[in-house]
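This report refers to the structure that appears directly beneath it.
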Protein chains: 2
Amino acid sequence: MSSASTEATATHGTAQPMPSRRERARAATIAEIKETALRLMHEHGTTDLRFSDIAREMGMTAPALYRYFADGDDLLTALIVDAYDDLADAVREARDRVPEGDPSGRLFAVSQAYRTWARREPQRFALILGTPVPGYAAPEEGPTTEAARRAMTQLKSLFFDALDRGLLGEPLIGDVDESLRQHAENPQYSGRADERTLPPETFQAMLNCWVSLHGFTSLEAYGHLEFLSPEARDALFEAGVRLAAMAAGLPLPRARSESGSAGSADPGTT
Amino acid sequence: MSSASTEATATHGTAQPMPSRRERARAATIAEIKETALRLMHEHGTTDLRFSDIAREMGMTAPALYRYFADGDDLLTALIVDAYDDLADAVREARDRVPEGDPSGRLFAVSQAYRTWARREPQRFALILGTPVPGYAAPEEGPTTEAARRAMTQLKSLFFDALDRGLLGEPLIGDVDESLRQHAENPQYSGRADERTLPPETFQAMLNCWVSLHGFTSLEAYGHLEFLSPEARDALFEAGVRLAAMAAGLPLPRARSESGSAGSADPGTT
DNA sequence: CAACTGCGTTATGCTGCATAACGTAACACC
DNA sequence: GGTGTTACGTTATGCAGCATAACGCAGTTG
């Protein structure tokens, strides 16, 4: 999260137009509001937020917050955008910690990061990929959609890498439907730079990776896998990723289940 | 949904102790409250409910509702239990519409029902398997857990059937971790009657089916697959189920993707 | 130093949850 | 068939949170 330490970079500020003192103070306050909101959400274990609580935590009164956010939805939108970015960062960093030559290892790292992030911050995960928050109506085609695309691209690039290196075998799930083939050939959701397309089977397999990964992650994050021991959850998670990788035609990684440390391996990135 | 038509069955009432007039009226009112709450949730597309709105819809005043539900959480809990039951019913009915000799067909039907139910009633789906509702704290070990077990059992029985008929091949995902094996051998979450256990590989595969299915279902129900055309979503769904079935060692069903009617096939069960 | 701008405050209105206090109609029993 | 009892629904009340309005203060700017 972008905290109030903007001053440090500004001392030798040459490139950017050097925000005024006021602007810096304002940015810091905005950051503090968001941090406080997240902290309260985390403490209370919910996704709802009370302006009065946030203000009190900050030693202010509630109406003051309206100087920074038009209303509750506005704050929520900002939190959602941040969450997307943060998740995307966590995933990208995890991916980059594994050498490019090991695509299934990368898929594993990415999946692990996704899972770990969601488990560490279930509220933020819920904000972006869970139930739309009760009173909240997302701004149409707004910044949230844009942020979602950025996050999605991370996964895609992994498969491009594997493709480039000839490491993609024959995907297990064949018989790609014509409709999915269409999507594979003109990707509407990806950014601009990579107008490249994946083979339809790989595209389908990639989506399947995400779907399966998301299924486990959301079930776990919301406490619906509590009937399993932590070790069993780890094992189930690994088996799922392994299956998805296999189905995508990625070379199988060596079994990792021995260490049993799958759940807490990722050192965290936020 | 248990509606207000209790009277019809009571005319020839022989078995049950024939509830008094008052009790019937009360039950009818409770049912009406729940129905109204669901309708409003559906209309507003959220999972929050306002006592005042419900009461107004029913031509009453808000405080009257407290005669039937202690508070908002109490009503929510009732809705959650109902939703579990309803989903379990839908799944069971779908399963029973396919002959026992066709386990992968049954898995497909079950998955389809799960998906269709969630898409038809995303709010109720969110209630039971989504983010815990903001202000809501589930009663510990209460009726919701119990209801969840009942729903889960549906899936399990399908695999027992297949097992009994010798239709279970070798599951694709081997290497079952010891921790999962433990769970397979003494199922803590299942009901009472079926103390039977599944082979660990099958147990793991069953969980994987659920995880994968749930991933697709929740993503779709909450609108996160909107970037795909409906046909592409259908295709992705089928591919996922097929893969999960394959991984579980179920005999492959004949390809269904030709009809393209996967999304709207299920005639509905609520 | 005087006008401006932005920030934070108190004051106010509205809505929803929840309880209290009260009336009323159906039921139950002799 | 009256009479106490019970369940139901009402109006009245208190409280919390969102959001706006009106005001005061301080740092900024010419």
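Predicted model only: the values in this text are computed from it and were never measured.
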Tabulate protein N/O versus nucleotide N/O from nucleotides 17-19 of chain C, keeping only pairs under 3.5 Å, one per line.
residue: dC17(C); atom: OP1; partner: L49(B); partner atom: O; Å: 3.3
residue: dC17(C); atom: OP1; partner: F51(B); partner atom: N; Å: 2.8
residue: dC17(C); atom: OP2; partner: F51(B); partner atom: N; Å: 3.3
residue: dC17(C); atom: OP2; partner: S52(B); partner atom: N; Å: 3.4
residue: dC17(C); atom: OP2; partner: S52(B); partner atom: OG; Å: 3.2
residue: dA18(C); atom: OP2; partner: Y66(B); partner atom: OH; Å: 3.2
residue: dA18(C); atom: OP2; partner: G72(B); partner atom: N; Å: 3.2
residue: dA18(C); atom: O5'; partner: Y66(B); partner atom: OH; Å: 3.4

Here the distance between atom P of dG16(C) and atom CG of L75(B), to the nearest Å, is 16 Å
Is the Y222(B) ring parallel, tilted or perpendicular to the F125(B) ring (thresholds 30°, 60°)?
-> tilted
Does the side chain of R67(B) pick up a donor-acceptor pair with the side chain of T29(B) at under 3.5 Å?
-> no
Side-chain atoms of A64(B) come closest, of dT10(D), dT10(C), dA22(D), to dT10(D)
Using only heavy-atom distances, decide whether a donor-acceptor pair under 3.5 angstrom links the side-chain of R67(B) to the base of dG9(D).
-> yes
For L76(A) and dA19(D), give me the distance from atom CG to atom P, rounded to whole Å.
-> 11 Å
pair R233(A)-F237(A): side-chain heavy atoms closer than 4.5 Å | no
Under 4.0 Å between any heavy atoms, over every strand shown, what does Y68(B) touch: base, sugar-phosphate, or nothing? Just pick one.
-> sugar-phosphate
How would you list all residue pairs meeting ring pair (Phe, Tyr, Trp, His ring centres under 6.0 Å) that involve residues 47-94 of chain A, not counting sequence neighbours?
-> F51(A)-Y66(A)
How many Å lie between CZ on R24(A) and C1' on dC7(C), as a whole number?
-> 17 Å
Using the 3.5 Å cut-off, write out each protein N or O paired with an N or O of nucleotides 26-29 of chain C and the distance between them.
residue: dA26(C); atom: N3; partner: R22(B); partner atom: NH2; Å: 3.2
residue: dC27(C); atom: OP1; partner: R21(B); partner atom: NE; Å: 3.2

